[in-house]
Amino acid sequence: MGKNILEMRNITKVFPGVKALDQVNIEVEEGEIHALCGENGAGKSTLMKVLSGIHPYGTYEGDIIYQGEECRFRNIKDSERKGIVIIHQELALVPYLSIAENMFLGNEQQKRRGVVDWDKTYSTCSKYLEMVGLHENPRTLIKDIGVGKQQLVEIAKALAKNVKLLILDEPTSSLNEQDAKNLLDMLIRFKGQGITSILISHKLNEISYCSDKITIIRDGHTIETLDKAVDDISESRIIKGMVGREMTNRFPQREHHIGDVSLEIRNWNVYHPQFTERKVVDNVSITLRKGEVVGISGLIGAGRTELCMSVFGRAYGNRISGELLLDGKPIQLHDIPTAIRHGIMYVTEDRKGDGLIVSDSIKHNISLARPAFISSRGVIDQDLEAIKGKEFSQELGVKTPTIEQLVGNLSGGNQQKVLLAKSLFAEPDILMLDEPTRGVDVGAKYEIYEIINKMVGDGKSVLMISSELPELLGMADRIYVMNEGHVVAELQNDGTVTQEEIMGYILRDSNRNIQ
Amino acid sequence: MKKKSLMKGNMREMSMLIALVIIIVLFTILTKGILLRPMNIANLINQNAYVVILACGMLLCILTGGNIDLSVGSTVALVGAFAGTFIITWGWNPYLSIVLCLLIGIGLGAWQGFWIAYVGIPPFICTLSGMLVFRGITLLILNGLTLAPFPAAYTQLSTGFIPDIAPDGITLFGTKLNLLCLLVGVAIAVAYVALQIKNNATRKKKGYETEPLPSLLIKTVIICAAVIAVFWKLAQHKGIPTVLIILGILLLVYNFITQKTVMGRHLYAIGGNKKAAELSGVKTKKMMFLAYTNMSFIAAIAGLVFAARLNSASPVAGQSFEMDAIASCFIGGASAYGGTGTIGGALIGALIMGTLNNGMSIMGISSNTQQVVKGLVLLIAVAIDVLGKKNFNWKSLLNLGKKA
């Protein structure tokens with residue numbers, strides 16, 4: 001048994017009206033990767049906020065013992081001074097500052113008090129970038145590098161603060177499988193350098209892959225701590241702990257009634273809106289049938305989102321060419337309102353950024369895309385809107401006392417359901433779902449899958465982009481594999497397709513391009 | 001639960017309404033009752049009409065994302081200058097000139113709306129340019145001079161009163177009253193009650209949720225009492241000011257647009273999350289264009305009213321009007337980031353500013369001091385809102401003192 005670097009004892013944290021944490025205990029050994037699992041709202045993030053001083057001493061009950069002494073952090077600076085660094089799910093980088101400036105933000109390399117030492121800044125930055133294996137110029141602006149690399153900058157930033165205990169909240173949620181694996185391998189390397197990590201993740205395969213111990217939290221209580229050396233830490237075992245029951249089937253069954261072709265995309269080409277010479281979708285042809293769930297697999301940057309958005313009333317892209325056939329008839333979708341009128345709806349992957357108006361109520365969000373359904377000659381029937389809003393939010397199982405509730409006050413899973421309710425309100429025949437279960441807990445995922453099943457059961461078509469291969473294999477009837485803008489494979493998902501097979505298509509295609 | 005959230009949504013407006021009542025009571029005491037004299041109430045309406053008018057347009061711009069229009073003061077002056085040139089210099093028909101001036105207003109707005117919506121110039125910069133350009137054109141047209149006087153047919157627009165139906169009015173409780181004014185006041189109150197009853201009946205019939213009776217009753221009684229009180233006061237003077245009719249129509253129309261129409265909903269959506277609105281099929285460019293075109297149209301109305309009140313077309317008219325309009329919207333609860341705010345709130349904000357102006361003027365407080373007071377009121381009004389939020393971190397404010 002190694003030495004404990006951290007013990008949190010009987011932590012209780014009460015928000016007005018809610019007990020977020022109730023007598024939570026967690027012990028983290030020095031030099032291990034300790035995973036924290038639990039559904040959305042179970043209290044994982046709150047616990048980490050207590051640890052890092054975001055919820056200061058005095059606002060919670062219980063003790064934090066770190067490196068053998070009791071700590072009373074008043075703010076995040078206090079905990080960082082001790083080497084505890086938290087990296088949030090939504091990255092806290094300033095897009096228009098350089099990598100180096102971001103890395104030392106709030107921790108500037110100074111010559112004299114208040115004067116920045118730029119030479120030292122850039123040279124130290126390079127050193128830390130080397131450590132995380134990121135080969136970028138420290139002067140590059142954050143906005144010019146991808147999300148995966150930004151995540152590495154965040155980690156390098158933590159290293160620059162002389163981190164002892166690194167806390168990562170959903171670090172891989174916006175990464176593709178390869179980048180995610182690199183990141184996890186790096187955490188394993190860090191163990192050798194004496195850096196302890198706490199990893200919060202919904203991706204159970206990642207947790208099984210890299211963590212030494214797993215603490216499961218449910219409804220603000222610690223349920224159990226599993227040790228890799230002793231216990232079974234398979235995915236189904238973890239899920240059992242999280243939801244309190246065996247989830248024998250992570251994907252609900254549906255009957256398959258596949259009908260005629262509903263949407264056909266032919267020879268679709270799209271160029272990048274800013275770099276107009278770059279082709280982001282390259283001669284893609286896709287068919288979609290009634291009652292069918294079609295998946296699109298691919299790495300970040302494969303052109304999946306760009307394909308769907310450019311079809312959705314040219315919401316993305318430049319110099320778009322190709323044919324669209326809806327129920328066999330050619331159509332032109334010049335703008336988004338036209339696309340919506342034709343029964344096509346796109347549900348964004350970024351629900352807070354592009355999907356919902358978080359400062360507005362549930363009912364106003366639901367009716368936004370198709371106000372014609374609750375108005376006549378431009379005048380809204382507010383009572384009808386309230387009734388429809390209630391109907392849709394109940395049907396999709398949005399957990400809220402009232403539809404007047406602001407969307408910003410809901411949990412991630414509930415927000416996702418409001419986003420789906422909003423899309424369904426527009427009565428689409430063809431629904432393009434972009435990462436429909438991102439950042440959503442296991443229970444809510446299941447409910448979202450059920451919604452998708454119900455839709456295709458009603459004869460609608462669903463085109464689903466997902467970076468989680470098990471999800472695509474569990475849900476889709478057919479899968480298109482995309483890489484670097486074009487379709488590299490079309491697979492009938494008859495139960496024989498494996499994750500390895502899909503990854504194989506992608507990797508072989510990437511290799512071909514390199515040669 | 002539902003009732004509670006409804007109350008919370010209107011908290012800001014309620015607290016500002018209470019502030020307005022307190023300010024009125026305070027100045028009634030300080031001015032020994034002059035504030036609420038019939039003649040002063042008519043004055044108050046005439047003096048502040050332009051702020052309320054401008055606030056109606058400004059609110060729509062602010063809703064789209066905290067965007068403001070700095071050019072409205074200059075637009076007021078420019079439209080006044082056109083009116084002066086048409087009516088005084090060229091002797092054109094006043095009514096034809098009014099229509100022309102409104103069209104010019106729409107044209108000016110379309111100019112700014114084009115640059116803002118379709119070219120993507122930030123509204124602050126585009127309207128700052130408009131502020132300089134329109135003021136400059138005003139000076140060019142008027143050659144730096146003031147044109148006066150307007151014919152009576154035109155000045156009626158702002159300083160006139162609606163003639164009474166009974167030539168000598170009527171006498172009630174020993175006071176001579178304007179009959180028409182009194183009747184209109186009662187009619188509005190009756191119409192309001194009828195509308196409430198009708199709304200409730202249709203809701204019940206269609207099985208919709210109805211407002212709880214006690215709160216509905218209290219609301220109706222207070223609103224009717226306030227309306228009748230104002231018209232009772234006005235009846236003791238010269239009756240209904242013409243400009244009150246213009247105000248009433250504008251407030252009703254813009255309240256309807258923002259609260260009940262798809263267009264209004266789209267304005268709020270753009271301010272709440274522009275990208276989400278776009279992906280939901282809202283034509284954001286068109287809405288921005290409309291908001292700014294409308295703003296200058298409204299500014300043209302204000303320009304006509306203001307020129308009529310001054311009885312002249314002055315090259316310095318309308319200076320800092322944009323600030324009064326913006327302040328009214330923010331005092332009345334509009335968010336500086338867009339997406340929230342109401343016409344009712346903007347009206348309350350304008351009334352607070354107007355009452356402060358008028359009350360302090362009666363007390364003989366210099367206009368220099370008045371500016372200081374108005375500026376502080378704006379800050380306090382918004383600060384109360386920020387500090388009153390449930391999640392405001394008081395501790396951080398206290399710690400600030402400790403560390404220093």
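A, B, ... follow the sequence lines: proteins, then strands. Residue 1 opens every chain.
Against chain A, the residues from residues 251-262 of chain B that qualify, each with a non-hydrogen atom under 4.5 angstrom away, are F256(B), Q259(B), K260(B), T261(B), V262(B) in number order.
Classification of the F392(A)-F425(A) ring pair by plane angle, with boundaries at 30° and 60°, yields perpendicular. Ring planes of F289(B) and Y118(B): tilted class, angle from 30 to 60°.
More than 12 non-hydrogen atoms from other residues, nucleotides or ligands lie less than 6.0 angstrom from NZ of K460(A). Under a cut-off of 6.0 angstrom, the local environment of OH in Y337(B) is sparse, with at most 12 non-hydrogen atoms contributed by other residues, nucleotides or ligands.
The NZ atom of K49(A) sits 11.5 Å away from atom OG1 of T59(A), with the distance rounded to the nearest 0.5 Å. Atom OG1 of residue T342(B) and atom CG of residue L59(B) lie 7.0 Å apart, to the nearest 0.5 angstrom. Here the straight-line distance linking atom CD1 of I362(A) with atom CG of N409(A) works out to 9.0 Å at 0.5 Å rounding.
Applying the side-chain hydrogen bond (donor to acceptor under 3.5 Å, both in side chains) test to every pair with at least one member in residues 279-290 of chain B, sequence neighbours left out, gives these pairs: K422(A)-S280(B), E278(B)-T284(B).
Chain B forms more heavy-atom pairs under 4.5 Å with one residue of S359(A), G353(A), G313(A), S375(A) than with any other, namely G353(A). In terms of heavy-atom pairs under 4.5 Å with chain B, the best-connected choice from I340(A), L368(A), L406(A) is L368(A). Of the listed residues G281(B), G272(B), A277(B), G271(B), the one with more heavy-atom pairs under 4.5 angstrom with chain A than any other is G281(B). Of the listed residues I357(A), T348(A), I380(A), D350(A), the one with more heavy-atom pairs under 4.5 angstrom with chain B than any other is I380(A). Of the listed residues (G378(A), S367(A), A426(A), G355(A)), the one with the most heavy-atom contacts under 4.5 Å to chain B is G378(A).
With a 4.5 angstrom heavy-atom cutoff, L384(A) touches chain B via backbone and side-chain atoms both. Looking at I387(A), the atoms closer than 4.5 Å to chain B (heavy atoms on both sides) all sit in the side chain, from C-beta outward. Looking at T338(A), there are no atoms closer than 4.5 Å to chain B (heavy atoms on both sides), in backbone or side chain. Of the atoms belonging to D335(A), it is side-chain heavy atoms, and not backbone ones, that fall under 4.5 Å from chain B. Heavy-atom distances place the side chain of D381(A), and not its backbone, under 4.5 Å from chain B.
No side-chain donor from either of E404(A) and S361(A) sits under 3.5 Å from a side-chain acceptor of the other. No hydrogens or angles considered: a donor-acceptor pair under 3.5 Å links the side chains of T305(A) and D434(A).
A side-chain contact (heavy atoms from CB on, under 4.5 Å) with L263(A) is found for one member of I430(A), D429(A), L463(A) and no other, namely I430(A).
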